[in-house]
Amino acid sequence: MSILINNETKLIVQGITGRDGGFHASRMKQYGTNVVGGVSPGKGGQKVDGIPVFNSMQKAVAETGGNTSIIFVPARFAADAIYEAADSGVDVIVTVTEGIPVQDMIKATQFAAENDVNLIGPNSPGLISPGQAKVGILPGKIFEQGKVGVMSRSGTLTYEVVDHITKAGLGESTCIGIGGDPIIGMTFIDYLKLFEADPQTEAIVMIGEIGGDAEEQAAKFIKENMTKSVVGFIVGKTAPPGKRMGHAGAIISSGSGTAAEKIAALKKAGIPVANQPNEIPQIIESKI
Amino acid sequence: MSILINNETKLIVQGITGRDGGFHASRMKQYGTNVVGGVSPGKGGQKVDGIPVFNSMQKAVAETGGNTSIIFVPARFAADAIYEAADSGVDVIVTVTEGIPVQDMIKATQFAAENDVNLIGPNSPGLISPGQAKVGILPGKIFEQGKVGVMSRSGTLTYEVVDHITKAGLGESTCIGIGGDPIIGMTFIDYLKLFEADPQTEAIVMIGEIGGDAEEQAAKFIKENMTKSVVGFIVGKTAPPGKRMGHAGAIISSGSGTAAEKIAALKKAGIPVANQPNEIPQIIESKI
Amino acid sequence: MKIDEYQAKEIFTQYNIPTPQEILCKTPQEVKQASRKIGKKVVVKAQVKVGGRGKAGGVKLANNPQEAEEVGKQILGMEIKGLKVQKVLVSEAVEIKSESYVGFTNDRSSKKIVCMASPAGGVDIEEVAKETPDKIYKILVDPLKGGLHDFQARNLAFKLYDDVKSVRQTVSILKALYKAYIGTDASLVEINPLVENGEGKLIALDAKFNFDDNALYRHPEIAKMREVLPAEKVEREAKEKGLSYIKLDGFIGCMVNGAGLAMAAMDMIKLFGGNPANFLDIGGSSNPKKVINAMKILLNDDNVQVVMINIFGGITRCDDVANGLMEAFDALKINLPVVIRLTGTNEKEGLEILKQNKELILANSMQDAAKKAIELANK
Amino acid sequence: MKIDEYQAKEIFTQYNIPTPQEILCKTPQEVKQASRKIGKKVVVKAQVKVGGRGKAGGVKLANNPQEAEEVGKQILGMEIKGLKVQKVLVSEAVEIKSESYVGFTNDRSSKKIVCMASPAGGVDIEEVAKETPDKIYKILVDPLKGGLHDFQARNLAFKLYDDVKSVRQTVSILKALYKAYIGTDASLVEINPLVENGEGKLIALDAKFNFDDNALYRHPEIAKMREVLPAEKVEREAKEKGLSYIKLDGFIGCMVNGAGLAMAAMDMIKLFGGNPANFLDIGGSSNPKKVINAMKILLNDDNVQVVMINIFGGITRCDDVANGLMEAFDALKINLPVVIRLTGTNEKEGLEILKQNKELILANSMQDAAKKAIELANK
């Protein structure tokens, strides 16, 4: 098993004729993901690395049976790409694009929810179910099929953590970058539900950061609903209030959303919190 | 039984301090409907015929436990009244108001549907479950508790038909004016489903008129899904194309929506169609 | 409410929908000057609110200002379906590489807005819908879900054109047209044909707009465009008095409370071999003024030989209605037979009142009323 | 992006939100003239993009033009939290019958827009939220469900006022404020206080607007209002070069790829007793120019005693990154110790390249790097 993507994933790459879209389409294909098509309006009929390009998601889904899409289109067209994907009938949409206006995302996340689509991101590195499929820009080599579910608001920090998990021989079931923006599709709780139901996943790592209260809400959910162990790791202890730490969502506003609050909430819910990434594998091993 | 309204209906009258709202609030109360409150922003705390008035639906529902609302507010505020009612948690909204802009109703019907509210009308005389409750402006005296479900796009024509049904000793389970506008909440098919499930209803009368294709769609639905008998009556055989026959929805546009087409569709689906209102009771009696 | 092509084009221009260079003219001299100003071949188009002006000779090409003036003389003042042409639109002649159709209207069954497009433009779209329905593409637009999305417009545009340049233009025209549709509370907007000119630019060659009467209060600038056609004058005046009236070509004048019941009464007249002179719904009130006004309209129609009144008293009590009728009859000189059917709440009391006027012919059902009216008309 | 009060008020005026009569001034003479023009008592308010100007003496009442000039002299040129006051807003003094608060912002957890209102206006709303949270009323607004409905605005308005007149004004202000919020892609808009004046009219006495940087391309008129504060100059320049930089008060300069990893590195420095001098995310590219620019920023910060570079090569290969680093080091004179931790894809090849530069201190983990950096800084 795994969550959201697996051997049966049929991927369509929206914005495949762009630089990033084309590059990562090839990388995902190399990893073994079944990339069935790409979309680029006006370039229908072309091929990118052997992958057929269509003018619309509607047509791409009709012709390839695609069930998952990944979006690389520029920020100002990205919300429309989400609408198009949500309307096309795919089950999972991964939005890599960064810098989408927040008010566009307020509408797009709602639209996706009403269409019962799993929307990951935006500003997400994507996700990987090692050995099965990669839908995103994550470096495939550092992952190993295994028992830990990882969900994170960050990109490279996730790689750092995963590197420790893989080297400890635990491996990952599915690893997800949930997106660094303030308004994102699926949140920690949505993934927790899926991990709880996934037989392959034995423990979950939640990598949080300053800003918002997603970690606090997840802590409450974990305490009340999860039977599987969750390990937390929160970064941004040194971040000053009012300053955006790279990610649009990583900002301490009016004193709330601090790392200290989040760590306290997790601990209060009985969730172990690692001080450093290298501690994570030990904590997991002590729990499973 | 009956459908949509019954002994347990707790009614809130939106626009109760207006002329029509106040008048009909009293009439409904006289009929025996449990009118628990009224809404008129800024007039909260007043009483109309002993009925307490609130500033908002939210408050009215919270204080009275109202589960049904009827809207008498002027056309330009009516869509907002529908939103407010749909948001307040009531199950049934009856909109009597006529002349609401169509584009307002496109949004309001959608909003009601998403809130799982039964929206009747607009431009509807309301509905009555004889002996139980009246939510509308229909003349209570002509109705008699009985076995026939009546649904109609018209007002006084319904009374004409009901008069024959009552005088024939059949009586009515619930009688509904679905509204004379082009865009309305519940349509014939929605009511047919409820009548089919209602033990009190033994046969249904559908009173249609020119414009749209609601009767044609109902005919298809009846043929495929209904076990109970339905009798049709369609008016507007003499109506010229392109002219609105009173109701905003009663217009033959580009040659479609004629009475002849509708009668043909009903007959094709095996549904008996009366030529005159007085024939209706006989047809019903031959079917039950 | 309908408006003229030139008015629709003014709205298009406000919403940045490309139209040909055009000038509105009221005299042949103005047509000549307009043609000179445009400086190339022009098309002179009659501005009338009915279809089929082309077939009627209301649209003509002119190669130069002299020809334009001549054509202007022919079209201005001509009659199209009973309407006198008082204005023409002088429009630059556009080279037509292809013609398509795009439009928006409200869709009753989905309760959404439908956007329609067809590569078969320039012809009657209702014909296309009947003959070759697969040439009409539709998408449903939900104003509560963000309205017309770019991807929807794009998907539709790809049905009309293959090249990205035309697709992009179509998308921006569809988006602007939707904005105009919503922004004016329209009930129909059409560009037919939408043409691709010699340079590959898409242009709205014709324009049609209908508006929702109930929403005109939000659009005073559009309400101002209303022009009451001579044929609609009586209907319009009736409406201002709270009556809903439509003239037909029969001889039995009908006065009914409620639109559905009015249609039922008319159908019954027809069923028994008569012919209704009109649709007339006096609504739910027992106000004698309404009855007087309604009666005046019927009496003014020379075709009316007999009046049939059919009232079902609901909330309005029959005795109130009867008193209203009596008052109305006192106020008017009525030289036609009047058949009345009055039933419903307080029917007895109502009928007692009516019996005071010996000239009224009472009927005990709608059928009875229709039969009596027909009989009287045949006398 | 933040703007000044007077700019926010300009937007309010565009959206028909009532504001006091106000004139922007840059000299005491202008203040005097403005006061004379307004013709009654005025309030002179410093225009600075930081909170607490009132406490700092940046808001003062003046009874006449002479006093206004005097007050203008005091405020213009003063420093508030390190910012020099260069503009003041001269505003008619309003009689205050009551003060409330209204605002809109984006709500992360519901993924909607939240409209907030409180009868406790005129004070710091965050204090109200902490001390008396039951005095803050909130409703969620869904732009995909028709936005702010009248009934929502009305329900909220009834929490602030009992009389219909004030409720109606509040509804129209809330609707206008929502329109402004959506129309400008704001991330926060506040009226605090919204005051009821002597005649019962509601007026926005102060105005605050923050905007979504990612949406500024849609609002060039707002983007033009951007004023880079001196304290933000370096951050702004870094941003233009594709770097995300924030200065802190520590002594270990950090350069990391990825925001989360950067925060992790900073936290680790702190954990081991050090103090990071900055947040600096160079993003996902191995472009040497970025590394050069990043290094320049760190070297320009006099507090920086040691540089710690932490790179996790993902899609970007470590050998590419190493080459970029070498190129950067060749181009710059670096007189500080530099600790590098490089891991991930093609780590070995990358480290081989780095070993060519003997001055670089290599670390084999983020911990190791942090410890070494701290050690070097303490020397």
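Because only heavy atoms are used, hydrogens play no part in the values below, and waters and symmetry mates are left out as well, while side chains stay in. Order of the sequence lines fixes the chain letters, A, B, ..., with proteins taken first and strands second; residue numbering starts at 1 for each chain. Nothing here was measured: the structure is a model prediction, and the numbers come from that model.
Of the listed residues (C:Ile113, C:Ile182, C:Leu248), the greatest number of heavy-atom pairs within a distance under 4.5 Å of chain B belongs to C:Ile182. Note: B:Arg76 leads B:His24, B:Glu114, B:Lys141, B:Arg76 in heavy-atom pairs under 4.5 Å with chain C. Chosen from B:His247, B:Lys243, B:Arg244, the residue pairing most often with chain C at heavy-atom distances under 4.5 Å is B:Lys243. When each of B:Asp213, B:Ile234, B:Thr187, B:Ile184 is checked for heavy-atom pairs under 4.5 Å with chain C, B:Ile184 comes out on top. Of all the listed residues (B:Pro240, B:Ser152, B:Gly155, B:Gly249), the one sharing the greatest number of non-hydrogen pairs under 4.5 Å with chain C is B:Gly249. The choice from C:Asn257, C:Thr345, C:Asp281 that makes the most heavy-atom pairs within less than 4.5 Å of chain B is C:Asn257. The residue among C:Lys130, C:Glu235, C:Lys239 with the most heavy atom pairs within less than 4.5 Å of chain B is C:Glu235. Note: B:Asp104 leads B:Leu138, B:Asn275, B:Asp104 in heavy-atom pairs under 4.5 Å with chain C.
Of the N and O atoms on the side chains of C:Ser187 and C:Asp212, not one donor lies less than 3.5 Å from an acceptor on the other residue. Under 3.5 Å, the side chains of B:Thr166 and B:Asp163 contain no donor-acceptor pair of N or O atoms. A donor atom on one side chain and an acceptor atom on the other are found under 3.5 Å apart for C:Asn106 and C:Tyr181.
Looking at B:Gln276, the atoms closer than 4.5 Å to chain C (heavy atoms on both sides) sit in the backbone and in the side chain alike. Neither the backbone nor the side chain of C:Leu243 comes within less than 4.5 Å of any heavy atom of chain B. Neither the backbone nor the side chain of C:Tyr245 has a heavy atom closer than 4.5 Å to any heavy atom of chain B. Both the backbone and the side chain of B:Thr156 come within contact range of chain C, with heavy atoms under 4.5 Å apart. Residue contact with chain B, scored on non-hydrogen atoms closer than 4.5 Å, involves the side chain of C:Met268 exclusively. For C:Asp142, the part lying near chain B is the side chain, with the backbone staying farther off; criterion is any non-hydrogen pair under 4.5 Å.
Remark: of the listed residues B:Ile70, B:Ile71, B:Val135, B:Ile70 is the sole one forming a side-chain contact (heavy atoms from CB on, under 4.5 Å) with B:Val96.
Judged by the 6.0 Å distance and 45° axis criteria, C:Lys371 is positioned over the aromatic ring of C:Phe272.
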